[in-house]
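In what follows, every heavy atom counts, from backbone to side chain, and hydrogens, waters and symmetry copies are set aside. For this chain, numbers begin at 1 and follow the sequence in order.
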Amino acid sequence: MNLYEKTLSEEIVYTGDYLTFTKVKVQLPDGNEANRDIIKHPGACGIIPFVDENHIILIRQFRKSIDKVIYEIPAGKLSSDESPENCAYRELEEETGYQASSLFHLGTVAIVPGYCDELLYIYKATNLSLSKKHEDFDEFTEVEIFTLEEVKNMIKSGEIIDAKTITALAYTMIMDNY
């Protein structure tokens with residue numbers, strides 16, 4: 001069966017600082033029509049920074065959408081015409097104050113493909129050196145270092161709920177890169 005949905009029309013409903021909300025009219029595989037609400041996102045990268053083979057850096061950050069302070073890997077959206085790899089180097093230093101001399105692309109995931117086109121490029125950062133943290137004006141983070149075992153236990157206990165962080169750790173285990 002052909003599952004493809006043909007786009008018939010697309011209307012911009014709202015344009016924010018970096019997100020665009022659209023209403024897309026599609027033709028379904030059976031010929032009927034339906035609407036899809038889709039958020040357009042520039043894409044992002046997430047970095048799992050390894051201090052050594054057994055220790056990684058996580059940040060603590062308040063997330064207004066869920067009204068909580070959570071643990072997560074450093075991450076951020078791609079700037080215009082920026083490669084995911086350059087974004088990873090930039091975001092790592094901005095949010096943690098560390099620079100990596102090597103990055104390894106672990107994989108790319110669609111965060112919420114049911115309503116958003118965002119792709120998240122996940123990187124493993126190694127050979128870290130301390131530099132200077134320089135967050136965006138509206139960004140406040142705390143940097144903490146954990147063992148992999150501590151992070152696994154934090155995921156199991158529900159202390160870590162961030163999907164990109166859980167996915168990044170899963171990638172490192174699957175790829176045998178830790």
Side-chain angles (χ1 to χ4, degrees), residues 1-30 32-49 56-88 90-92 94-96 103-125 135-136 138-141 151-152 154-175:
M1 172 190 231
N2 179 8
L3 300 175
Y4 184 77
E5 296 179 358
K6 179 181 177 185
T7 299
L8 301 175
S9 65
E10 186 172 324
E11 172 191 349
I12 295 175
V13 177
Y14 172 79
T15 301
D17 290 338
Y18 68 94
L19 296 175
T20 301
F21 294 74
T22 62
K23 181 175 282 300
V24 180
K25 185 181 219 175
V26 298
Q27 183 177 40
L28 302 170
D30 66 2
N32 288 312
E33 294 179 2
N35 289 319
R36 303 286 186 239
D37 294 330
I38 298 176
I39 299 171
K40 303 285 187 174
H41 187 287
C45 67
I47 310 99
I48 185 162
I56 64 169
I57 296 171
L58 294 180
I59 60 169
R60 287 183 67 230
Q61 183 168 236
F62 179 77
R63 293 298 191 176
K64 186 60 185 169
S65 60
I66 59 173
D67 241 9
K68 290 179 104 162
V69 174
I70 63 171
Y71 284 103
E72 43 184 308
I73 60 172
K77 67 179 175 53
L78 276 70
S79 296
S80 180
D81 297 326
E82 181 180 38
S83 73
E85 186 175 304
N86 286 343
C87 178
R90 177 179 54 76
E91 287 291 340
L92 176 64
E94 281 181 10
E95 293 187 357
T96 69
L103 281 180
F104 177 76
H105 182 241
L106 295 171
T108 302
V109 294
I111 299 299
V112 282
Y115 61 86
C116 184
D117 69 352
E118 177 183 2
L119 293 178
L120 177 71
Y121 304 89
I122 301 173
Y123 289 90
K124 176 182 178 179
E135 300 159 312
D136 293 336
D138 62 348
E139 194 171 44
F140 301 89
T141 63
V151 172
K152 288 177 193 176
M154 292 165 75
I155 292 169
K156 286 179 192 174
S157 72
E159 190 174 358
I160 293 177
I161 60 171
D162 178 60
K164 71 183 167 299
T165 301
I166 296 167
T167 302
L169 187 63
Y171 263 114
T172 62
M173 292 169 29
I174 291 167
M175 306 289 268

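- Other residues, nucleotides and ligands contribute only 12 or fewer heavy atoms inside 6.0 Å of the CG atom of Asp17.
- In this structure, Tyr121 OH and Thr108 OG1 are separated by 5.5 Å, a value rounded to the nearest 0.5 Å.
- Side-chain contact between Asp37 and Lys23 is present, with heavy atoms from C-beta onward closer than 4.5 Å.
- Glu91 places no side-chain N or O within 3.5 Å of a backbone atom of Gly46 that could act as its donor or acceptor partner.
- Asp162 and Thr165 make their closest contact through OD2-OG1, 2.7 Å (heavy atoms, listed as atom of the first residue, atom of the second, distance).
- Closest heavy-atom contact between Ala75 and Glu95: O-OE2, 2.7 Å.
- Atom CD1 of Ile160 and atom NZ of Lys152 lie 12.0 Å apart (nearest 0.5 Å).
- Nearest approach of Ser83 to Leu78, heavy atoms of both residues: C-CD2, 4.4 Å.
- With contacts defined as side-chain heavy-atom distances shorter than 4.5 Å, the pair Val109/Tyr171 qualifies.
- In this structure, Tyr115 OH and Ile39 CD1 are separated by 6.0 Å, a value rounded to the nearest 0.5 Å.
- Taking all atoms of both residues into account, the shortest heavy-atom contact from Leu92 to Ala125 is CD2-CB, 4.0 Å.
- At least one side-chain heavy atom of Ser79 sits under 4.5 Å from a side-chain heavy atom of Arg90.
- Contact record, Arg36 with Leu28: NH2-CD2, 3.4 Å, taken as the closest heavy-atom pair.
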Show your working on side chain to side chain contact (heavy atoms under 4.5 Å, CB included) between Ile48 and Leu106 and close with a plain yes or no.
CA-CA 10 Å; Ile48 185 162; Leu106 295 171; 4.0 Å; yes
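- Atom NZ in Lys68 sits 15.0 Å away from atom CD in Gln61 (nearest 0.5 Å).
- Taking CD of Glu72 as the reference point, atom CD1 of Ile161 lies at 9.5 Å (rounded to 0.5 Å).
- Within the 3.5 Å criterion, the main-chain N or O of Glu10 finds no donor-acceptor partner in the side chain of Thr22.
- Taking the six-membered ring where the residue is Trp, His41 and Tyr18 present perpendicular rings, their angle passing 60° and hence far from 30°.
- How far CG of Leu103 is from OH of Tyr123: 7.0 Å, rounded to the nearest 0.5 Å.
- Of all heavy-atom pairs between Glu118 and Ala44, the closest is OE2-CB, 3.5 Å.
- Other residues, nucleotides and ligands contribute more than 12 heavy atoms inside 6.0 Å of the CD1 atom of Ile66.
- The environment of Asp138 atom CG is dense: over 12 non-hydrogen atoms of other residues, nucleotides or ligands sit within 6.0 angstrom.
- A heavy-atom distance below 4.5 Å is not found between the side chains of Ile59 and Ile73.
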